[in-house]
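Atoms within each ligand, like the ligands themselves, are counted from 1 in listed order. All residue numbers in this chain count up from 1 along the given sequence.
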Amino acid sequence: MQTLKNKNIVITGASSGIGEKIAHNVAELGARPILLARSADKLEQICTDINQKFNGDSIYFQLDVSDPAEIKAVFKKIYEEAGFIDILLNNAGFGVFDYLNEANYEDIEKMFQVNVLGLMVCTKEVLPSMLEQNSGHIINIASIAGKLATAKSSGYSATKHAVLGFTNSLRMELAKTNISVTAVNPGPIATNFFTIADKSGDYVKNIKKHMLSSDDVAQKVTNLMIKPKRELNVPNWMNWGNKLYHLFPKTAEKVMSKMFDKK
Ligand code: 8X3
């Protein structure tokens, strides 16, 4: 167990969804959220709100995580301003649900730039300092789609499988250090993610009763910062589906793909 008091916590994708909620949670616990996202206007508003509510010293920087040069420049500024990053929450990410046959290459490329490469570059930016101090925590928001692929999300699932592969390898690379590495694999969360991901609205309609609340997931991720774990799967039953799939892939693809074919 560790306190978040005075911890510098960098959050990518902090302008909405669980990123924004986690920023509020950690500020309430005395941490200093450092907010990153493309929209400076939204970040400024969130920052002002957090600082007023919790008498905090939260700061923000505009960042498009699909641009590696911009990532480097922003992290340089963060280190100049904050000195040390205690926790990096790689939360920025988006999906476009399409059958490969109908998908735009540009959407797939952008998903890889943001969900995978951007996340890797941000991580690479914090590692030297974390290694030097021999402390820190890197949390990557992956997805249940990184474990259990479903139809109509070949591009998105591929990015999330990549995030999980990267996260698991990094954890092993850092096993002899005090740096924790966590993967978070949520199922569908009620946020504006689906405005882009599910343009037809069919998926949201089909899985309404399984939709997770963003407050709930944000709270679980906040708890992880206090007590690091290697992996968080929400809801856990979806991870059981994943386990069954890997034990009996052939049967599972026949039986379960019907169950999970909701997009
Ligand atoms: C999104 C998860 O279940 O909506 O990361 O495809 S799901």
Side-chain angles (χ1 to χ4, degrees), residues 11-22 37 65-66 89-100 102-103 107-108 110-120 139-168 182-221 224 231-246 252-253 255-263:
I11 304 173
T12 68
S15 61
S16 64
I18 61 166
E20 179 183 354
K21 298 219 157 143
I22 294 164
V65 291
S66 68
L89 174 63
N90 279 310
N91 166 66
F94 77 105
V96 182
F97 295 158
D98 270 323
Y99 294 103
L100 184 64
E102 294 159 2
D107 287 338
I108 297 173
K110 195 78 183 172
M111 281 192 281
F112 269 94
Q113 283 170 347
V114 173
N115 300 2
V116 184
L117 298 171
L119 173 145
M120 289 172 75
I139 304 175
N140 294 335
I141 305 294
S143 168
I144 187 66
K147 293 188 150 193
L148 189 59
T150 52
K152 208 182 167 187
S153 63
S154 38
Y156 178 70
S157 290
T159 67
K160 292 302 183 175
H161 274 70
V163 171
L164 274 180
F166 167 71
T167 308
N168 291 337
T182 302
V184 179
N185 305 311
I189 310 171
T191 66
N192 61 10
F193 173 89
F194 294 105
T195 318
I196 294 174
D198 177 42
K199 289 203 178 66
S200 69
D202 291 344
Y203 182 57
V204 170
K205 208 163 62 201
N206 289 337
I207 48 99
K208 217 169 192 122
K209 64 173 188 286
H210 298 303
M211 203 55 107
L212 301 162
S213 107
S214 55
D215 282 328
D216 193 29
V217 178
Q219 190 52 54
K220 288 196 162 88
V221 176
L224 269 181
E231 190 172 87
L232 170 71
N233 299 290
V234 264
N236 206 28
W237 67 262
M238 281 194 184
N239 195 35
W240 282 103
N242 155 61
K243 284 181 185 168
L244 271 176
Y245 175 74
H246 284 94
E253 268 171 22
V255 180
M256 279 170 43
S257 73
K258 280 205 190 90
M259 246 165 81
F260 285 100
D261 193 11
K262 304 285 183 203
K263 289 184 168 107

Closest protein heavy atom to atom 7 (S) of ligand 1, given as residue, atom name and distance to 0.1 Å: Y203 OH, 3.4 Å
task: Go through ligand 1 atom by atom and flag the ones less than 4.0 Å from a non-hydrogen atom of F97.
output: 6 (O)
- prompt: Is there a side chain to side chain contact (heavy atoms under 4.5 Å, CB included) between N185 and L164 once you walk through the steps?
  reply: CA-CA 9 Å; N185 305 311; L164 274 180; 3.5 Å; yes
field: ring-ring contact (aromatic ring centres under 6.0 Å, His included) assessment of F193 paired with Y156
entry: CA-CA 12 Å; F193 173 89; Y156 178 70; 5.7 Å; yes
message: List ligand 1 atoms under 4.0 Å from F194, heavy atoms only on the residue side.
response: 4 (O)
- prompt: What protein heavy atom sits nearest atom 6 (O) of ligand 1, and how far off is it?
  reply: K263 NZ, 3.2 Å
message: For a side chain to side chain contact (heavy atoms under 4.5 Å, CB included) check, start with the C-alpha distance between I141 and L89, then their side-chain angles and the critical distance, and finish with the verdict.
response: CA-CA 8 Å; I141 305 294; L89 174 63; 3.9 Å; yes
- prompt: Which residue holds the protein heavy atom closest to atom 1 (C) of ligand 1, what is that atom called, and what is the gap in Å?
  reply: Y156 OH, 3.3 Å
message: Suppose I only count heavy atoms of S143 and a 4.0 Å limit; which atoms of ligand 1 are within that range?
response: 1 (C), 2 (C), 5 (O)
task: Considering non-hydrogen atoms only, spot the tightest contact between L148 and M238 and give its length.
output: CD2-O, 4.4 Å
field: Pair K263 + D198, salt bridge at N-O below 4.0 Å
entry: no
